[in-house]
Amino acid sequence: AVLIGLLAFFLDGTLRFRPLVSGGVPALRAAPVIILVIAGVEELAQSLSPRRTASLLDFAADVVGACLASWGANLLEQADQSKRQDRISK
């Protein structure tokens, strides 16, 4: 979940918090969705391996990690924008 969260955090910043669909819901951003699709494929691949087990709880932890990290990235971006606005207005 931590690795998935970090991937979502950095990809969200790299994609500049782009929404999944242009003009769509701003809270539904592309980066966490992309990362969660990859995490879902990884869980499916684990179910095909005799030495690994797929777990819905593991995927749920990935979802929580991606959402929290993406939310954190958004908070940091908003704080950074606020600091820039303060510097400009002075």
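Source: prediction; values computed, not measured.
- To the nearest 0.5 angstrom, Leu75 atom CG is 10.5 Å from Leu68 atom CG.
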Per-pair distances, 0.1 Å, donor-acceptor, side chain in residues 49-56, under 3.5 Å, sequence neighbours excluded:
from, atom 1, to, atom 2, distance (Å)
Ser49, OG, Arg51, N, 3.3
Ser55, OG, Leu57, N, 3.2
Ser55, OG, Asp58, N, 3.2

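- More than 12 non-hydrogen atoms from other residues, nucleotides or ligands lie less than 6.0 angstrom from CZ of Arg84.
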CA sep, side-chain torsions, deciding dist, call: Gln81, Gln85, side-chain hydrogen bond (donor to acceptor under 3.5 Å, both in side chains):
CA-CA 6 Å; Gln81 285 179 355; Gln85 288 295 330; over 6 Å; no
If you look only at distance, which donor and acceptor atoms sit under 3.5 Å apart when one is on a side chain in residues 26-42 and the other is two or more places apart or in another chain?
from, atom 1, to, atom 2, distance (Å)
Arg29, NE, Asp12, OD1, 3.3
Arg29, NE, Asp12, OD2, 2.9
Arg29, NH2, Asp12, OD2, 2.7
Arg29, NH2, Ser70, O, 2.9
Arg29, NH2, Ser70, OG, 2.4
Glu42, OE2, Gln46, NE2, 2.6

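- With side-chain heavy atoms closer than 4.5 Å counting as contact, directly or through intermediates, the hydrophobic cluster containing Phe9 also holds Val2, Leu6, Phe10, Leu76.
- Applying side-chain contact (heavy atoms from CB on, under 4.5 Å) to Asp62 and the options Leu3, Leu7, Ile4 leaves one that passes, Ile4.
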